[in-house]
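Take a look at the structure below.
When a ligand or atom number is given, it counts from 1 through the structure's own listing order.
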Amino acid sequence: MVSGFPLRPGATVGIVGGGQLGRMLALAAARFGYRIAVLDPDPGCPAAQVASTMIVGPYGDGALLAQLASVSDVVSYEFENVAVEPLRKALGDTVLSPPAEALEVSQDRVVEKAFLNGIGIATAEWRAIDAPDELGHALLDLGGDCILKTRRFGYDGKGQARINAKSTFTDAFESIGKAPAILEKMVPFAFEISVIAARGRDGAIVAYDPAENVHTLGILKSSTVPGRVTGELARAAREIAGRILSHLDYVGVIGIEFFVGKDGALFVNEIAPRVHNSGHWTEAACLASQFENHVRAIAGLPLASPERHFDCVMDNLIGDDVERFDDLVAAPRSVVHLYGKSEVRRGRKMGHVTRVTPLSSGA
Ligand code: ADP
Ligand code: MG
């Protein structure tokens, strides 16, 4: 392995997970002359088409993780449900970025909320639920409409059930697989936003302009920049992002999802220690994309400016949305990005398209 940071061209970046995020990281890394090694159970995963080395097998396999670490100058991951202990053991001298602590915090919704509240950041009110008989008391305590979520392994709205005092608690608990859970009070938000930010090895922080996000059935549908997120709201969201990055001694890109209350108050919903779907617009509208800044951060390069040169709307292409391909590529101010997935399935993220317009003044 090439030793020490910054990594020189020819060094290898290892990534646990070969989905679309791994693929886009690989494409960004290639521009610096880095090679990419990917661990994924599927030899036909999106990143396999662009990786230099594919290691095929389960994410939690100690021997395969050790193999990934041994061919890599730095190891990163494209999703937060990587088992931390086998990864820690497998790393040897290879650095993991973002750090394992960021994985531990973001893997468990209870640990995540406790961490955020502990550094003075507001979230939905919540209670940990370990058994169904704790649910009634917690519901009374929080009052009103709530949402029950599995503590771990939830994504794209999976492992969640809406619930209120009139609901049948056992049904809700069963519908999320009786797993340890968190009960959150519903935040009556005006809209949802996210901030994509990066912290370099030298502690420098950059944050992209926040995006306004719309979710359908728990899956991100679109991100609009700047949307309704300007001025003081944007400044406050960025400040929170910076605080989270510093407290985690973070290196890499992070995605932070927020609810904006009707009075403009900010609540963090969740943090993702990786590049984030609501930041895909950065490849079309910014000097340097979130993927480039993640690679720069973990490789020990200086971060690039998150400057934005367009307003934009990013739409996810979910399931058969991708059949609009011919029309999408015909639009001259749109950038289409497909993930190389051969099979279209309902609810599956197949790609995204970012439509740009001239920068509005005062954004
Ligand atoms: P996932 O990990 O699946 O993205 P989230 O916790 O982000 O799960 O929930 C998905 C979506 O469900 C959110 O983006 C939001 O629209 C809605 N939601 C989740 N929790 C709450 C809450 N406490 N109050 C209001 N809406 C919520
Ligand atoms: Mg979410």
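Remark: Phe79 pairs with Tyr59 by the ring-ring contact (aromatic ring centres under 6.0 Å, His included) rule, at least two apart or across chains.
Side-chain atoms of Asn117 and Thr123 include a donor-acceptor pair closer than 3.5 Å. With 3.5 Å as the limit, one finds a donor-acceptor pair spanning the side chains of Tyr208 and Asn293.
Residues Pro58 and Leu64 approach most closely at CD-CD1, 4.0 Å, considering heavy atoms.
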Practice prompt. Under the side-chain hydrogen bond (donor to acceptor under 3.5 Å, both in side chains) rule, what do Ser76 and His294 come out as? Steps first, then yes or no, please.
Written response: CA-CA 9 Å; Ser76 192; His294 187 75; 2.9 Å; yes
Worksheet item: Hey, mind stepping through Asp145 and Ile163 against side chain to side chain contact (heavy atoms under 4.5 Å, CB included) and telling me if it holds?
Response: CA-CA 6 Å; Asp145 289 337; Ile163 183 168; over 6 Å; no
Mind listing the N or O contacts between ligand 1 and protein, cut-off under 3.5 Å?
unit_1: ligand 1; atom_1: 2 (O); unit_2: Arg109; atom_2: NH2; d: 3.0
unit_1: ligand 1; atom_1: 2 (O); unit_2: Glu270; atom_2: OE1; d: 3.2
unit_1: ligand 1; atom_1: 2 (O); unit_2: Glu270; atom_2: OE2; d: 3.0
unit_1: ligand 1; atom_1: 3 (O); unit_2: Asp156; atom_2: N; d: 3.0
unit_1: ligand 1; atom_1: 3 (O); unit_2: Gly157; atom_2: N; d: 2.5
unit_1: ligand 1; atom_1: 4 (O); unit_2: Glu270; atom_2: OE2; d: 2.8
unit_1: ligand 1; atom_1: 6 (O); unit_2: Arg109; atom_2: NH1; d: 3.2
unit_1: ligand 1; atom_1: 6 (O); unit_2: Lys149; atom_2: NZ; d: 2.6
unit_1: ligand 1; atom_1: 6 (O); unit_2: Asn269; atom_2: OD1; d: 3.4
unit_1: ligand 1; atom_1: 7 (O); unit_2: Glu257; atom_2: OE1; d: 3.2
unit_1: ligand 1; atom_1: 7 (O); unit_2: Asn269; atom_2: ND2; d: 2.7
unit_1: ligand 1; atom_1: 7 (O); unit_2: Glu270; atom_2: OE2; d: 2.8
unit_1: ligand 1; atom_1: 8 (O); unit_2: Gln160; atom_2: NE2; d: 2.9
unit_1: ligand 1; atom_1: 9 (O); unit_2: Gln160; atom_2: NE2; d: 3.3
unit_1: ligand 1; atom_1: 14 (O); unit_2: Glu192; atom_2: OE1; d: 2.6
unit_1: ligand 1; atom_1: 14 (O); unit_2: His215; atom_2: ND1; d: 3.4
unit_1: ligand 1; atom_1: 16 (O); unit_2: Glu192; atom_2: OE1; d: 3.3
unit_1: ligand 1; atom_1: 16 (O); unit_2: Glu192; atom_2: OE2; d: 2.7
unit_1: ligand 1; atom_1: 20 (N); unit_2: Lys149; atom_2: NZ; d: 2.9
unit_1: ligand 1; atom_1: 23 (N); unit_2: Glu184; atom_2: OE1; d: 3.0
unit_1: ligand 1; atom_1: 23 (N); unit_2: Lys185; atom_2: O; d: 3.1
unit_1: ligand 1; atom_1: 24 (N); unit_2: Val187; atom_2: N; d: 2.8

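Looking only at N/O/S atoms, Glu257 comes nearest to the Mg ion (ligand 2) through OE1. The atom of Glu270 nearest to the Mg ion (ligand 2) is OE2, with the search restricted to N, O or S atoms.
Lys349 places a side-chain heavy atom less than 4.5 Å from the side chain of Gln20.
Here Asp156 fails the criterion, with no N, O or S atom under 2.8 Å of the Mg ion (ligand 2).
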